[in-house]
Number of protein chains: 2
Amino acid sequence: MTAAGNHQASRPIGRRLERAGIRDVAAAAGVSITTVSDALNGKGRLPDATRRHVREVAERLGYRPSAAARTLRTGRSGLIGLTVTTYGEEPFTFTEFAYFAEMARAATSAALARGYALVILPASSRHDVWSNVALDGTVVIDPSDHDPVVMELVRQGVPVVSDGRPAGSLPVHAWVDNDHEEAVLGILDHLAAAGARRIGLLTGTSTDTYTRLSTTAYLQWCERVGQEPVYESYPAHDPCASAVAADRLLARPDRPDAVYGLFDPNGTDLLAAARRYGLRVPDDLLLVCCSESSVYASTEPPITTLSLKPGKIGTAVVQLLIDAIEGVGATHPVQQIMQTDLIVRTSSQRRTHRTTVSPPRSPAGG
Amino acid sequence: MTAAGNHQASRPIGRRLERAGIRDVAAAAGVSITTVSDALNGKGRLPDATRRHVREVAERLGYRPSAAARTLRTGRSGLIGLTVTTYGEEPFTFTEFAYFAEMARAATSAALARGYALVILPASSRHDVWSNVALDGTVVIDPSDHDPVVMELVRQGVPVVSDGRPAGSLPVHAWVDNDHEEAVLGILDHLAAAGARRIGLLTGTSTDTYTRLSTTAYLQWCERVGQEPVYESYPAHDPCASAVAADRLLARPDRPDAVYGLFDPNGTDLLAAARRYGLRVPDDLLLVCCSESSVYASTEPPITTLSLKPGKIGTAVVQLLIDAIEGVGATHPVQQIMQTDLIVRTSSQRRTHRTTVSPPRSPAGG
DNA sequence: TGATCTTGCAGAAACGTACCGTCTGAATGC
DNA sequence: GCATTCAGACGGTACGTTTCTGCAAGATCA
């Protein structure tokens, strides 16, 4: 009670000792608030002299516009959310680490280049955090069917773009994804061309779109070429389970002579398992895994990897989102398919020299 | 004057078709704005019945408080920045990838648990982005001496906590770091105990604190034990340079019989280089590198790594920052040293069995 | 019964900005 | 000399909250 009274009484001076407001700048420059606002934001009709003068005074006073006030007034915060799926309280899994890191890096860059900043918000966050931050739009990674967070955002009119084809009929404004089926078929063909007779798959037990599409493509391929499917599933979010599953796959009586692993750690784990069973790579076992990690360039032998190009996806997703925010883009959903990249290394190189490759005709001469 | 009149006259209906505001809730619930605010925020003196009623009406109208307005009023945004150093336009380097990803993950988690969200803001961002987001505080990773961003933040009264001992006398509120010197000395002793005669170092050319302290510690150790230093430096932010430097180190006439690599990719690159020179690990060459990557558990052979525990650091940094924001902590700078973790694997295990280790006396019995 | 406390709620003042609409004086056109 | 135009600047309001303060009406007490 007295506190407030004292407060007011003891402040006959300026309204703030702390920071200079736009009012202070206006007073110091001898112009109106409007003029200051216009001068600093490059709007209105002002002679350069005035503009310069105001800017100089603002600089001298160390004036920084209040982001909160601006956001309130304009309805734009300059923030976009990056929503990651969570497993057991922890944001993004170990498996998705390299993918996510690269994707986030690219997204951050792209957002920044257009004047936006990125906020990381796990999908399972406490609701109060979500509603406590003013988002101009959100990127959602791999949204699950009827994702409540996405539904709520859309209801509020916040643009949403997803990385990964949205399951069901989630009302996102746009999405970007790889053509996972084509990628898997390409790899299987590549392995078959390298001499594989029985190709195995290391896959996950979860039902996200990536896992589902990839597995289905594998099964289809098997059916087409008349091979019995050989695969092991494991909970991809468990960092230890990969090694166990890799071991199990190579321990089977119908052991495959080539394996494609859907997740990042599968490469090293398969390699370790192969070693335990005395299998040489690529002589006894061809290996490919989906990974963004560069370590596979230096393993013994180097392992062929499929890159999903998370950097390109992150950039594309942010561009689409900002277009939607700024009303540039189309009015109905946009989908964009990104190329994957198969980096062929020793682990999947043709080992049977049955087909005579003429040695003189090396790569490209030059 | 007429404008205002027209304005008011031509809007006899609601003020907004879009979102329900606190006013709408108040009207619908038949109470005042104050009561709504108090009811939803658990403040004031209200009977439970009123509170429930208001909450129910708010829910029914799909009311979401405006984060911007709340921020403007309270001066709290619930946002904390995570500033990363940049190299050539790109946020954080390849080298720091695993470290940063883990640190960011932990920081995100910790922030969230206390009701804050994290904004990623590269240090070299355009200034307008920085001033466009209202931050309650900022975490700075490895701030350079007299970092302009940090100086500006401090000037504005925004709490700053740094990961990594701040260079010079940067006025941060707190910092967290490993004891890099001790870590390096520990590793060198470990290698020496494993029979190393000449230990080499793979280090960086940049002048950040980590590199500097580690290198100095190495040189000191060499002087103490009377070994001639054997090291190669390379620009750590260049993803390709590591391999070249590793090769150079092992190509030297005074080739070391043990190497410690300060950066993440050094392990695989040293391994590859060793292979090229026909050196067996650990028989001919002992290897340790600083890395957060789990791939070193599955290389051939598995490589001993030093973990800086980025997760713990991320958590600690955020805790300190939020304490500072909420005025919980001490008034003067706090520093906190985090333990590092040496994960001993085959690559640095004693290879000469000159010292007879009694096999029965295994680790700790049980 | 009158004085004092407590409860339950409402009014209204900020918070700091952006922008719409308006005003002024000078230059221009006839 | 008067009407017209326009550059240059400004007043005022709204954005949607939180919170300080005030005020009735009932409860408690001497």
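Here is the naming used below: chain letters follow the sequence lines, and residue numbers restart at 1 for every chain.
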Inset, instruction - Report the end-to-end axis angle of the helix from C:dT1-D:dA30 to C:dC30-D:dG1; each axis comes from five terminal pairs, and the value is rounded to 10°. - result: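 The helix from C:dT1-D:dA30 to C:dC30-D:dG1 shows an end-to-end axis angle of 50°.
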
Has [X] got a side-chain N or O lying under 4.0 Å from the OP1 or OP2 atom of [N]?
| X | N | answer |
| --- | --- | --- |
| B:Thr34 | C:dC9 | no |
| B:Lys43 | D:dT19 | yes |
| A:Ser37 | C:dA18 | yes |
| B:Arg45 | C:dT7 | no |

Inset, instruction - Name the nucleic acid region contacted by B:Leu72, choosing base, sugar-phosphate or nothing; use a 4.0 angstrom heavy-atom cut-off, strictly under. - result: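 If one applies the 4.0 Å heavy-atom cut-off, B:Leu72 turns out to touch a base.
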
Inset, instruction - Would you classify B:Ile33 as touching base, sugar-phosphate or nothing, given that sugar-phosphate means primed atoms plus P, OP1 and OP2, and contacts are heavy atoms under 4.0 Å? - result: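 Answer is base: heavy atoms of B:Ile33 come under 4.0 Å of a base.
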
Separation of [X] atom [atom1] from [N] atom [atom2], in whole Å?
| X | N | atom1 | atom2 | result |
| --- | --- | --- | --- | --- |
| B:Leu40 | D:dT17 | CG | P | 10 Å |
| B:Arg23 | C:dA10 | CZ | P | 15 Å |
| A:Arg70 | D:dG16 | CZ | C1' | 18 Å |
| A:Arg76 | C:dT17 | CZ | C1' | 16 Å |
| A:Leu46 | D:dC6 | CG | C1' | 14 Å |
| B:Asn41 | D:dT17 | CG | P | 10 Å |
| A:Arg51 | D:dG8 | CZ | C1' | 11 Å |
| B:Ile22 | D:dC15 | CD1 | P | 14 Å |

With no hydrogens and no angle check, is any side-chain donor or acceptor of [X] less than 3.5 Å from a backbone partner on [Y]?
| X | Y | result |
| --- | --- | --- |
| A:Arg165 | A:Gln335 | no |
| B:Ser37 | B:Ile33 | no |
| A:Ser77 | A:Ala134 | yes |
| B:Asp136 | B:Arg76 | no |
| B:Arg55 | B:Ala39 | yes |

Legend entry - Test log, rule side-chain contact (heavy atoms from CB on, under 4.5 Å), inputs B:Val172 and B:Val161: CA-CA 6 Å; B:Val172 300; B:Val161 173; over 6 Å; no

Inset, instruction - Decide side-chain contact (heavy atoms from CB on, under 4.5 Å) for A:Leu82 and A:Ile141; before the verdict, give the C-alpha distance in whole Å, the side-chain angles of both, and the deciding distance to 0.1 Å. - result: CA-CA 8 Å; A:Leu82 179 58; A:Ile141 299 182; 4.2 Å; yes

Legend entry - For A:Val160, the option from A:Leu321, A:Val139, A:Val154, A:Leu135 that meets side-chain contact (heavy atoms from CB on, under 4.5 Å):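 That would be A:Val154; it is the only one of A:Leu321, A:Val139, A:Val154, A:Leu135 passing the side-chain contact (heavy atoms from CB on, under 4.5 Å) with A:Val160.
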
Legend entry - Which residue lies more 5' along DNA chain C, comparing B:Thr50 with B:Ala69 via nearest heavy atoms: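 Looking at DNA chain C, the more 5' nearest nucleotide goes with B:Thr50.
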
Legend entry - DNA chain C contacts made by residues 57-66 of chain A, counting heavy atoms under 4.0 Å: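 Here the set is A:Tyr63, A:Arg64, A:Pro65, A:Ser66.
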
Inset, instruction - Answer yes or no: is there an ion pair linking A:Asp323 with A:Arg114, defined by an N-O contact shorter than 4.0 Å? - result: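 A:Arg114 and A:Asp323: salt-bridged.
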
Legend entry - Point-to-point distance, once rounded to the nearest 0.5 Å, from CH2 of A:Trp130 to CG of A:Asn132: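 Going from CH2 on A:Trp130 over to CG on A:Asn132, the span is 12.5 Å.
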
Legend entry - Donor-acceptor pair under 3.5 Å, B:Ser32 side chain vs C:dG11 base: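 No pair found.
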
